[in-house]
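Remarks on the structure that follows.
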Amino acid sequence: MEKSHRMAIRELDLSAWHPNPLVNRVNAVPGLKTSAAFFTFLRANLVLHSAMTSATQTPRFDPTNPFASIIAPSLSPFDVMPSTADAATNLFDVDDENATPPLSLEILESRRDKVEGLRLVADSIAQMSQRASLSLVFHPICLAGLSAALAAVYRFGWISSMDEGLTMTVSCGVVMGYLMGIRYLTSGYISLAERLRWAWLRAEDGEEDTLLAARYNDEIIGSLVLRLEANPSTQALMTFGKRKSRSNSLRGGRGIIRAWTTNLQYRGMGVGKDLLHEAVRVTREQCGGDAEIEFAKEHANSAMLLPEIFNAQFRRDEHRATDALKDVLVNFDGTKKRR
């Protein structure tokens with residue numbers, strides 16, 4: 001006889017229900033009981049520690065910023081945002097008056113500055129080698145000769161059934177010989193620059209030339225070598241024993257520009273014209289208001305080592321320099337008349 005199975009129904013008494021804290025419900029799970037006890041203990045200790053520690057001994061745990069002393073506090077939405085220039089000025093304390101160093105023109109007095117100015121002149125002579133090389137490389141006569149040589153190599157290779165690789169090698173050798181020959185022809189300018197010495201600044205009477213310089217940010221970026229020649233009549237008097245001071249002997253003389261150059265990266269910015277203007281001013285002060293000034297025929301960059309047919313760009317430079325000096329003289333005289 002089978003036993004009858006009855007399901008026991010348990011009646012819940014909801015009147016005795018009350019909300020349990022989160023910890024009690026967590027403790028109901030056996031796996032989390034230990035963790036809940038640990039966090040409860042830790043929370044109690046933190047509360048006790050914060051209550052017992054005074055405010056003066058409590059360290060600040062705010063995130064540190066090494067630039068906090070120079071960064072302005074955050075602005076509210078109603079504050080006016082400063083401009084970028086104002087922010088940069090306030091941040092780095094930039095003085096607008098000294099932000100851009102001025103260009104100064106001066107007469108070099110110290111030996112060190114004169115050597116630096118003379119070095120610029122030597123660099124300008126050495127740079128003539130590069131310009132002469134470019135003139136030869138792309139000159140039509142030179143290119144025609146190179147083309148004829150390459151055509152001869154190709155023709156010889158085709159007649160003699162030369163291998164294509166060997167023909168290419170010979171052609172490369174012809175091009176290399178072309179470039180090496182140009183380098184040899186223009187290497188004389190490097191030698192001229194190396195031979196420029198301090199004695200080049202001394203005249204026959206032992207007086208040194210005047211070096212004018214353009215200085216920018218404590219760097220000499222332009223140089224002009226000016227020789228003040230005395231009046232021939234004054235020189236005759238000095239020859240016969242009537243000595244005069246240097247300033248008096250220059251009255252009625254003239255100024256000769258023996259070198260005029262600017263640093264390569266500052267060319268085309270008017271620095272050279274400023275040097276010419278300063279040279280005119282110094283000449284007129286020393287030799288008189290009507291003193292003449294001109295470029296020397298044998299100036300520092302007057303050497304032409306190549307045949308005249310290849311010196312067209314150097315001749316153009318000389319014409320530009322002469323025209324620039326004429327413009328400076330016209331402007332200088334016009335300014336003097338207006339005064």
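- Within the model, atoms OG1 of Thr322 and NZ of Lys326 stand 6.5 Å from one another, a figure rounded to the nearest 0.5 Å.
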(request) Could you give me the CA-CA distance, side-chain angles and deciding distance for Thr210 and Leu212, then say whether side chain to side chain contact (heavy atoms under 4.5 Å, CB included) is met? (result) CA-CA 6 Å; Thr210 303; Leu212 305 178; 4.0 Å; yes
(message) Test side chain to side chain contact (heavy atoms under 4.5 Å, CB included) on Met269 and Tyr216; report intermediate values, then the result.
(response) CA-CA 13 Å; Met269 299 182 180; Tyr216 179 75; over 6 Å; no
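- Taken together through direct or relayed side-chain contacts under 4.5 Å among Ile, Leu, Val, Met, Phe, Trp and Tyr, Leu105 and Val225 form parts of separate hydrophobic clusters.
- Within a 6.0 Å sphere centred on CE of Met168, other residues, nucleotides and ligands contribute 12 heavy atoms or fewer.
- Legend: residues meeting salt bridge (charged side-chain N to carboxylate O under 4.0 Å, His left out) with Glu308, ordered by chain and number and at least two apart, are Arg315.
- Between Met304 and Phe310 there is no side-chain heavy-atom pair separated by less than 4.5 Å.
- In terms of the ring-ring contact (aromatic ring centres under 6.0 Å, His included) criterion, Tyr178 has no residue partners (sequence neighbours excluded).
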(message) As a quick check of understanding, evaluate side chain to side chain contact (heavy atoms under 4.5 Å, CB included) for Thr167 and Trp158, giving each step before the final call.
(response) CA-CA 9 Å; Thr167 303; Trp158 181 75; over 6 Å; no
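- Heavy-atom minimum distance, Ala213 versus Ile220: CB-CG2, 3.9 Å.
- Using a 4.0 Å cut-off between a side-chain N of Lys or Arg and a carboxylate O of Asp or Glu, Asp333 and Arg284 qualify as a salt bridge.
- Minimum heavy-atom separation, Leu306 to Ala132: CD1-CB, 3.8 Å.
- The side-chain heavy atoms of Ile257 and Leu224, taken from C-beta on, include a pair separated by under 4.5 Å.
- A salt bridge links Arg254 with Glu294: the closest approach of a Lys/Arg side-chain nitrogen to an acidic carboxylate oxygen falls below 4.0 angstrom.
- How far CZ of Arg227 is from CZ of Arg202: 11.0 Å, rounded to the nearest 0.5 Å.
- No single ILVMFWY cluster, assembled from side-chain heavy atoms under 4.5 Å apart, contains both Leu226 and Leu201.
- The two residues Gly253 and Ala291 have their closest heavy-atom pair at O-CB, 3.6 Å.
- Panel note: side chain Asp163, backbone Gly165; a donor-acceptor pair is recorded below 3.5 Å.
- His277 is linked by a ring-ring contact (aromatic ring centres under 6.0 Å, His included) to Phe332, counting only residues two or more places apart in sequence or in another chain.
- Separation of atoms CD (Glu109) and CG (Asp113) is listed at 9.5 Å; rounding is to 0.5 Å.
- Leu228 and Cys287 get closest at one heavy-atom pair: CD2-SG, 4.2 Å.
- Residues Gln286 and Arg251 fail the side-chain proximity criterion, which asks for heavy atoms closer than 4.5 Å.
- The side chain to side chain donor-acceptor pair (under 3.5 Å) pairs that include a residue from residues 257-266 are Asp209-Arg258, where partners are two or more places apart or lie in different chains.
- Partners of Glu285 according to the side-chain contact (heavy atoms from CB on, under 4.5 Å) rule, which considers only residues two or more places apart in sequence or in another chain, are Arg281.
- Trp200 is connected to Leu120 through a chain of hydrophobic side-chain contacts under 4.5 Å among Ile, Leu, Val, Met, Phe, Trp and Tyr, so both are in one cluster.
- Every residue two or more places apart in sequence or in another chain was checked for a side-chain hydrogen bond (donor to acceptor under 3.5 Å, both in side chains) with Asp327, and none qualifies.
- Leu325 CG to Asp323 CG: the interatomic distance, rounded to the nearest 0.5 Å, is 9.5 Å.
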(request) Test side chain to side chain contact (heavy atoms under 4.5 Å, CB included) on Arg316 and Gln313 and set out the steps. (result) CA-CA 5 Å; Arg316 286 194 298 267; Gln313 61 174 344; 3.5 Å; yes
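- Within the structure, every pair that satisfies the salt bridge (Lys or Arg N to Asp or Glu O under 4.0 Å) test and touches residues 131-158, not counting sequence neighbours, is listed here: Arg131-Asp317.
- One hydrophobic cluster, built from ILVMFWY side chains closer than 4.5 Å, holds both Ile309 and Leu134.
- In terms of the side-chain contact (heavy atoms from CB on, under 4.5 Å) criterion, Arg197 has no residue partners (sequence neighbours excluded).
- Looking at every heavy atom in both residues, Leu275 comes nearest to Gly222 through CD1-C, 3.7 Å.
- The shortest side-chain heavy-atom distance between Ile107 and Leu211 does not fall under the 4.5 Å cut-off.
- Taking Asn301 as the reference, Ser124 meet the side-chain hydrogen bond (donor to acceptor under 3.5 Å, both in side chains) condition, with sequence neighbours excluded.
- Between Leu103 and Ala214, the closest heavy-atom pair is CD1-CB, 4.1 Å.
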Tabulate below the donor-acceptor pairs under 3.5 Å that side-chain atoms of residues 179-190 make, not counting sequence neighbours, or state none.
from   : atom 1 : to     : atom 2 : distance (Å)
Thr186 : OG1    : Ser133 : OG     : 2.9
Thr186 : OG1    : Ile182 : O      : 3.0
Thr186 : OG1    : Arg183 : O      : 3.4
Ser187 : OG     : Tyr184 : O      : 2.9
Tyr189 : OH     : Ala303 : O      : 3.4
Tyr189 : OH     : Leu305 : N      : 3.2

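- Looking at Ser302, its side chain does come within 3.5 Å of a backbone N or O of His299 through a donor-acceptor pair.
- Between the side chain of Asn311 and the main chain of Pro307, a donor-acceptor pair closer than 3.5 Å is present.
- Partners of Glu106 by side-chain hydrogen bond (donor to acceptor under 3.5 Å, both in side chains), not counting sequence neighbours, listed by chain and number: Arg215.
- Counting heavy atoms from C-beta outward, Ile256 and Phe295 have side chains that stay 4.5 Å or more apart.
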Side-chain atoms of residues 143-150: list all donor-acceptor pairs with protein atoms under 3.5 Å, sequence neighbours left out, distances to 0.1 Å.
from   : atom 1 : to     : atom 2 : distance (Å)
Ser147 : OG     : Leu143 : O      : 2.9

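- The line from CG of Leu136 to CD1 of Ile141 is 10.0 Å long, rounded to the nearest 0.5 Å.
- Rounding to the nearest 0.5 Å gives a distance of 11.5 Å between CD1 of Ile293 and CD of Glu229.
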